[in-house]
Amino acid sequence: MKQISFLYKTGDIVKAYYKNPKGKHQIHCFAHLAGEPLVGIMNLDRNMTSFLTVEAVTDCEIVSISSTFIHRLAKENLEVALICNRMQGVSSLREYEYRKMILTCTPMQKYEYFLKVYPELIDKINKKDVASYLNMTPECFSRMLKKKGDIMSK
């Protein structure tokens with residue numbers, strides 16, 4: 001039976017990643033808000049599974065529910081169907097915004113995007129994971145932070 005898991009408390013942090021063609025972990029997203037699905041609900045009626053691996057960054061409380069049960073509830077209850085639809089829409093919009101950022105932004109703009117989307121996480125996750133999420137090497141990310149610090153000190 002496939003399960004869909006959600007964070008129980010705001011402040012718990014998980015990351016989702018996949019292995020890129022070079023075999024390295026590529027961070028895809030973070031979850032940190034109560035009720036947030038750990039890998040999204042992309043398509044309940046097709047029982048799609050995620051290609052992502054989820055890993056806790058902090059100790060977390062997680063609630064899991066059968067995807068079959070959620071699917072059945074969504075068929076029987078309009079409010080549940082609307083919630084699932086909204087979650088799918090939010091997930092799609094986040095994915096679009098992320099891909100657009102990766103393809104069109106400078107390293108500094110990517111970092112500003114991260115700070116906008118995940119303001120609570122910058123001091124709670126390691127810089128290597130932030131760099132991976134922003135599709136940068138740790139070295140490029142470090143240089144960008146140094147440059148940002150140099151600009152701020154002037």
Side-chain angles (χ1 to χ4, degrees), residues 2-65 67 70 74 82-154:
K2 295 178 182 162
Q3 300 283 311
I4 297 176
S5 298
F6 302 86
L7 283 179
Y8 185 68
K9 294 187 317 190
T10 293
D12 291 349
I13 304 170
V14 298
K15 62 184 177 184
Y17 64 88
Y18 60 92
K19 286 194 177 184
N20 67 20
K22 295 180 181 179
K24 299 206 181 237
H25 289 185
Q26 178 70 45
I27 304 294
H28 180 71
C29 61
F30 299 93
H32 64 101
L33 301 172
E36 194 168 5
L38 298 192
V39 287
I41 298 176
M42 292 308 293
N43 200 336
L44 275 177
D45 59 339
R46 294 197 180 136
N47 284 322
M48 292 177 74
T49 57
S50 177
F51 64 94
L52 300 170
T53 300
V54 176
E55 183 178 298
V57 174
T58 62
D59 288 337
C60 297
E61 291 184 47
I62 295 170
V63 176
S64 294
I65 188 166
S67 60
I70 291 178
L82 290 172
I83 290 168
C84 289
N85 191 28
R86 174 148 169 69
M87 291 173 92
Q88 290 170 344
V90 167
S91 179
S92 294
L93 183 60
R94 280 186 184 170
E95 181 66 21
Y96 170 78
E97 289 173 348
Y98 174 75
R99 290 289 160 208
K100 181 180 172 188
M101 176 271 300
I102 290 297
L103 294 171
T104 64
C105 292
T106 65
M108 188 67 74
Q109 290 168 329
K110 289 178 181 182
Y111 183 62
E112 289 166 356
Y113 171 88
F114 177 84
L115 293 175
K116 179 182 157 198
V117 173
Y118 298 114
E120 306 89 354
L121 301 187
I122 194 60
D123 296 324
K124 297 177 182 172
I125 57 176
N126 68 52
K127 288 181 176 31
K128 183 179 175 186
D129 284 347
V130 176
S132 175
Y133 172 76
L134 298 176
N135 203 28
M136 295 183 209
T137 64
E139 296 80 15
C140 176
F141 184 68
S142 183
R143 282 193 302 272
M144 186 273 312
L145 286 178
K146 184 179 182 323
K147 184 177 178 181
K148 180 177 172 43
D150 290 347
I151 291 169
M152 299 293 277
S153 65
K154 289 183 180 181

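Computation of the quantities below employed the complete heavy-atom set of this structure, encompassing side-chain atoms and omitting hydrogens, waters and symmetry-equivalent molecules. Nothing here was measured: the structure is a model prediction, and the numbers come from that model.
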Does a sphere of radius 6.0 Å around CG in Asn126 hold more than 12 heavy atoms from other residues, nucleotides or ligands, not counting ones at 6.0 Å or beyond?
-> yes
Heavy-atom closest pair, residues [X] and [Y]:
| X | Y | result |
| --- | --- | --- |
| Lys128 | Pro138 | CG-CG, 4.3 Å |
| Ile70 | Ile65 | CD1-CG2, 3.0 Å |
| Asn135 | Lys110 | O-NZ, 4.2 Å |
| Cys60 | Thr58 | SG-O, 3.1 Å |
| Cys140 | Pro107 | SG-CG, 4.4 Å |
| Phe141 | Ala131 | CB-CB, 3.6 Å |

Distance (rounded to the nearest 0.5 Å) between [X] [atom1] and [Y] [atom2]:
| X | Y | atom1 | atom2 | answer |
| --- | --- | --- | --- | --- |
| Leu115 | Glu120 | CG | CD | 11.0 Å |
| His28 | Tyr18 | NE2 | OH | 7.5 Å |
| Ile125 | His32 | CD1 | NE2 | 9.0 Å |
| Thr106 | Met144 | OG1 | CE | 9.0 Å |
| Asn20 | Ser132 | CG | OG | 8.0 Å |
| Asp12 | Glu36 | CG | CD | 11.0 Å |

Determine whether Met101 and Glu112 make a side-chain contact, defined as any pair of heavy atoms from C-beta on separated by less than 4.5 Å.
-> no
State, yes or no, whether a side-chain contact exists between Lys15 and Phe30 at a heavy-atom distance under 4.5 Å.
-> yes
Kindly determine whether Lys19 and Gln26 satisfy side-chain contact (heavy atoms from CB on, under 4.5 Å), including the steps that lead there.
-> CA-CA 6 Å; Lys19 286 194 177 184; Gln26 178 70 45; over 6 Å; no
Identify which one of Val57, Ile13, Val130 satisfies the side chain to side chain contact (heavy atoms under 4.5 Å, CB included) criterion when paired with Leu121.
-> Ile13
Aromatic rings Tyr98 and Tyr113: how do their planes relate, parallel, tilted or perpendicular, breaks at 30° and 60°?
-> tilted
Measure up the Phe114 and Tyr111 rings against each other and bin them: parallel (under 30°), tilted (30 to 60°), perpendicular (over 60°).
-> parallel
Test your reading of the model: is there a side-chain donor-acceptor pair from [X] to the backbone of [Y], 3.5 Å cut-off?
| X | Y | result |
| --- | --- | --- |
| Ser92 | Gln88 | yes |
| Ser5 | Leu38 | no |
| Thr10 | Ala34 | yes |

Please determine if Glu139 and Arg143 form a salt bridge, counting it only when a charged side-chain N lies under 4.0 Å from a carboxylate O.
-> no
